[in-house]
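Reviewing the structure listed below.
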Protein chains: 2
Amino acid sequence: MNLKQLSELLGLSQTTVSRALNGYPEVNEATRERVLRAVKETGYRPNKAAQRLATGKAGSIGLVMPTAPGHQSDVHFGEFLAGLGEEAVRHDFHFVIMPADPDDEVAALRRLAISGNVDALFVAYMRGHDPRLAMLKSLSMPFVVHGRSFGSEPDYPYLDIDNEAAFYEAARLLLQLGHTRFALMNGPAHLDFAIRRRNGLIAALGERGLELADDCTSHTVMSDEEGLIAMERFLQLAERPTAILCSSTVLALGAIRAVNQAGLKLGENISLIAHDDVLPLLKPENFSVPLTTTRSSLRAAGVRIAQRLIGTVKQAGPFPEQELWKTELIVRASTGPAPQS
Amino acid sequence: MNLKQLSELLGLSQTTVSRALNGYPEVNEATRERVLRAVKETGYRPNKAAQRLATGKAGSIGLVMPTAPGHQSDVHFGEFLAGLGEEAVRHDFHFVIMPADPDDEVAALRRLAISGNVDALFVAYMRGHDPRLAMLKSLSMPFVVHGRSFGSEPDYPYLDIDNEAAFYEAARLLLQLGHTRFALMNGPAHLDFAIRRRNGLIAALGERGLELADDCTSHTVMSDEEGLIAMERFLQLAERPTAILCSSTVLALGAIRAVNQAGLKLGENISLIAHDDVLPLLKPENFSVPLTTTRSSLRAAGVRIAQRLIGTVKQAGPFPEQELWKTELIVRASTGPAPQS
DNA sequence: AGTGGCTTCCAAAGCGCTTTAAAATATGTA
DNA sequence: TACATATTTTAAAGCGCTTTGGAAGCCACT
């Protein structure tokens, strides 16, 4: 059943039927009712491909999912997607997910954009000086970035959390507790959030005349294994750090294993603050020693970004172009006064 | 740049250019080269919507993502998706993800199918007597089910692991170790895998004249909280179970917290075997007491299902309709002889 | 020269929808 | 009643691609 058949059945033109369905005003209310009833009876559904071809709109937002045989899947990604989905389902939008090699994200994004399959783009895993920004701007397709790109003019639509402030505040707390030897377990060095969190920590240390040593910094994929390895390395240093800032509760998971294996007590011998993306699987309050965290819900960010994206496509009022969310610093048991040594 | 412009530029007809691009034989090799070169230079990309309208093929596979404001995102889903993606990227396929309320999956699936946005469907979270099967069969669109539907004729294409055998074998091991009081921490009772795993356990117990008590069975969402709660309940029973079968390492995470809090030792006072979906985040060997598990990679299943789905769409040879993977029983430290009481 | 068979190319007809421009009909006003 | 103005409907032109059904050109063979 297509539009032509339906209109013949009704003795109307395709135009009128199409208009009746799409809520145009220039159609008699009685006719509209008649059309709607016929649609119900026949189970007619407009062909999306044709609709898309005619309008250029697809009712979908596109995103690139980094993946590769060796590439370990990222809980953060899933959680964020859940947020996007929660909002999308309210507006009958869907996603087009383009899987792509992590080294090929620019090209994948371009392919996705020109595929004509999506109305808007969502972009994550931002890097410093991210090359995708220039491409996105040249595209004339709405997009929202999750995060920012350090070193680029912040003139693009984004939603980010204040990573610098988060780790600055976290470091301040630890400084107040008397800690002087800090370590940082961070995400991959090229990623924007990693750069900013590091800067936040360095700024706080700088105010006290302290520095962040290179051998007290690790930049890795945020898996628990890497957390374990990094922490083991820190613990073997002559001047062992007593205060750890950690970019994810996933990293913290491994880090804490290392702490336990070394026979140390979290919150006593060693203090740790992790950033908490509010992953359902990894609640900081459920750790054997509940974790002090900087918190911001990844899922909430997903919801908000979907709102902005869909709103823009539907031209539903203006949205703020740039949003910077504050994180919350939540003190639990993994932080304590610096040990006397 | 569209086909018309490109063909004018080349002084060829649209037909010839289209054929040159799609590898049809009736075009001179020299002309084809010329076309290909022009494509490179101009950066021409065929409009997908038009292609789809003309061919009816979309180059994408559809799936429903259960989501709702309260609905906690599922690590298993993300991991599986990564597997699908890994394969899809090899064939330039993408996904169309339709977010849907978990109670609305049938309707969502139908919407997705008739949307014309997808060539094939992937279906998961199978239930006993799943109503989606009948709908899928009536659809004349290729699909593959992950899991099976207990109580339905197994005449649909699926990939499943042998859940019954997995828990049967796991229970046998614990029986051999002398355990007699068993408990089961399972997924939601209506889901197929939960039904089968329970059956596997009951079968093994039955052979020894044992039964699975109702108060030693929990069916919950597979979160660590629920694991904690269930285990706490088990531990308060007068006849405390000493052998636990657990449907996910996520549940085990919470369960083990309860065990620790009760001052019990895993592998001594209480033995536990969990099913391991090989989540990167939750490696059983990294638990403080490494976990004995039944193992089967969710991600590998994703890859395989994508293969079958894409292969079918591309008509690339026949695939087995039904596949049942064996799980591996891997013994680590969380299982030990039944305590003498 | 005429015929048949290849190879290579093309014009044009869709695919199913939206939308423009115009026609038909209804309504209001002098 | 006649005319201008609203309201409602329509025919037809796309959107950008694939594919059908020829046609043109070329060759070899009678």
Side-chain angles (χ1 to χ4, degrees), chain A residues 1-36 38-39 42-60 92 111 113-119 140-141 313-315, chain B residues 1-36 38-39 42-60 92 113-119 141 313-315:
Chain A
M1 171 64 62
N2 58 22
L3 185 61
K4 190 174 176 190
Q5 295 168 341
L6 183 66
S7 60
E8 278 167 2
L9 190 113
L10 282 162
L12 287 170
S13 74
Q14 297 190 38
T15 313
T16 306
V17 177
S18 168
R19 285 192 169 141
L21 291 177
N22 295 321
Y24 281 68
E26 57 270 74
V27 46
N28 195 321
E29 209 42 53
T31 336
R32 188 191 305 276
E33 302 248 308
R34 208 155 66 83
V35 170
L36 258 27
V39 166
T42 58
Y44 165 78
R45 287 253 133 195
N47 177 308
K48 282 275 185 196
Q51 239 169 0
R52 174 173 319 177
L53 182 58
T55 59
K57 300 261 161 254
S60 69
D92 198 26
R111 258 182 297 148
I114 61 185
S115 76
N117 278 328
V118 299
D119 301 322
S140 78
M141 170 174 289
V313 172
K314 289 190 166 178
Q315 279 143 331
Chain B
M1 169 66 59
N2 57 23
L3 185 62
K4 189 174 177 191
Q5 296 170 343
L6 183 66
S7 61
E8 278 166 3
L9 191 114
L10 282 162
L12 289 167
S13 74
Q14 296 189 38
T15 310
T16 306
V17 177
S18 169
R19 287 196 166 138
L21 290 177
N22 295 322
Y24 280 69
E26 59 269 76
V27 44
N28 193 321
E29 209 42 55
T31 337
R32 189 192 303 277
E33 302 248 309
R34 208 155 67 83
V35 170
L36 258 27
V39 166
T42 58
Y44 165 78
R45 287 252 134 195
N47 177 309
K48 283 274 184 195
Q51 238 167 1
R52 175 173 318 176
L53 183 57
T55 60
K57 300 259 161 258
S60 68
D92 198 25
I114 60 186
S115 76
N117 279 328
V118 300
D119 300 323
M141 170 175 289
V313 172
K314 289 191 166 177
Q315 279 142 333

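Chain A is the first sequence line, chain B the second, and so forth, proteins listed ahead of strands; every chain is numbered from 1.
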Original post:
With sugar-phosphate meaning primed atoms plus P, OP1 and OP2, does A:Thr16 contact a base, only sugar-phosphate, or nothing at under 4.0 Å between heavy atoms?
Top reply: base
Original post:
For the atom pair NZ (B:Lys48) and OG1 (B:Thr55), what is the distance rounded to the nearest 0.5 Å?
Top reply: 9.0 Å
Subject >> Rounded distance (Å) that lies between atom P of D:dT8 and atom CZ of A:Arg34 >> reply: 14 Å
Subject >> Length of the line joining A:Lys48:NZ and C:dT18:C1', which is rounded to integer Å >> reply: 14 Å
Original post:
Say you draw a straight line from CG of B:Asn47 to CG of A:Leu53; how long is it, rounded to the nearest 0.5 Å?
Top reply: 6.0 Å
Original post:
Contact class for A:Thr15 (heavy atom, under 4.0 Å): base, sugar-phosphate, or nothing?
Top reply: base
**OP:** Any chance you could measure A:Arg19, atom CZ, to A:Leu12, atom CG, to the nearest 0.5 Å?
**Re:** 12.5 Å
Original post:
How is B:Arg52 classified with respect to the nucleic acid when contacts are heavy atoms under 4.0 Å: base, sugar-phosphate, or nothing?
Top reply: nothing
**OP:** Please state how far atom NZ in A:Lys57 lies from atom C1' in C:dC17, giving the value in whole angstrom units.
**Re:** 16 Å
**OP:** Give the rounded distance in Å between these two atoms: CG of B:Leu10 and C1' of C:dC10.
**Re:** 15 Å
**OP:** Could you state the atom-to-atom distance from CG of B:Leu21 to P of D:dC17 in whole Å?
**Re:** 9 Å
Original post:
Has B:Tyr44 got a side-chain N or O lying under 4.0 Å from the OP1 or OP2 atom of D:dC17?
Top reply: yes
Original post:
To the nearest 0.5 Å, what is the distance between CG (B:Asn2) and CZ (B:Arg45)?
Top reply: 15.0 Å
**OP:** Could you say whether A:Ser18 or B:Ser13 is positioned toward the 5' end of DNA chain C, judged by the nucleotide with the nearest heavy atom to each?
**Re:** B:Ser13
Original post:
Does a side-chain N or O from A:Asn47 land closer than 4.0 Å to OP1 or OP2 of C:dG16, or not?
Top reply: no
Original post:
How many angstroms lie between atom CG of B:Leu10 and atom OG1 of B:Thr16, to the nearest 0.5 angstrom?
Top reply: 10.0 Å
Original post:
Side-chain N or O of B:Asn22 less than 4.0 angstrom from OP1 or OP2 on D:dT18?
Top reply: yes
Original post:
Which comes earlier along DNA chain C counting from the 5' end, the contact point of A:Lys4 or that of B:Leu12, where each point is its nearest nucleotide?
Top reply: B:Leu12
Original post:
Does B:Tyr24 place a side-chain N or O at less than 4.0 Å from the phosphate oxygens OP1/OP2 of D:dT19?
Top reply: yes
Original post:
Which distance, rounded to the nearest 0.5 Å, do you find between the OG1 of A:Thr31 and the CD of A:Glu29?
Top reply: 8.0 Å
Original post:
Per the atom types in the model, does the base of D:dT10 pair as donor or acceptor with the side chain of A:Arg19 at under 3.5 Å?
Top reply: yes
Subject >> Whole-Å gap separating P (C:dC15) and CG (A:Leu3) >> reply: 13 Å
**OP:** Check every atom of D:dT9, D:dG16, C:dG16 against the side chain of B:Asn2 and return the nucleotide holding the closest atom.
**Re:** D:dG16
Original post:
Taking atom P of D:dG14 as reference, at what distance in whole Å does atom CG of B:Leu53 sit?
Top reply: 17 Å
Original post:
Distance check: side-chain N/O of A:Asn28 vs OP1/OP2 of D:dT7, anything under 4.0 Å?
Top reply: no
**OP:** Round to a whole Å and report the spacing from CD of A:Glu29 to P of D:dT7.
**Re:** 14 Å
**OP:** Look at the side-chain N and O atoms of B:Thr31 and state whether any lies under 4.0 Å from the OP1 or OP2 oxygen of C:dT8.
**Re:** no
Original post:
Distance check: side-chain N/O of B:Gln14 vs OP1/OP2 of D:dC17, anything under 4.0 Å?
Top reply: no
**OP:** For B:Glu26, answer base if it contacts any base atom (sugar-phosphate contacts may also be present), sugar-phosphate if it contacts only those atoms, and nothing otherwise; contact means non-hydrogen atoms under 4.0 Å.
**Re:** base
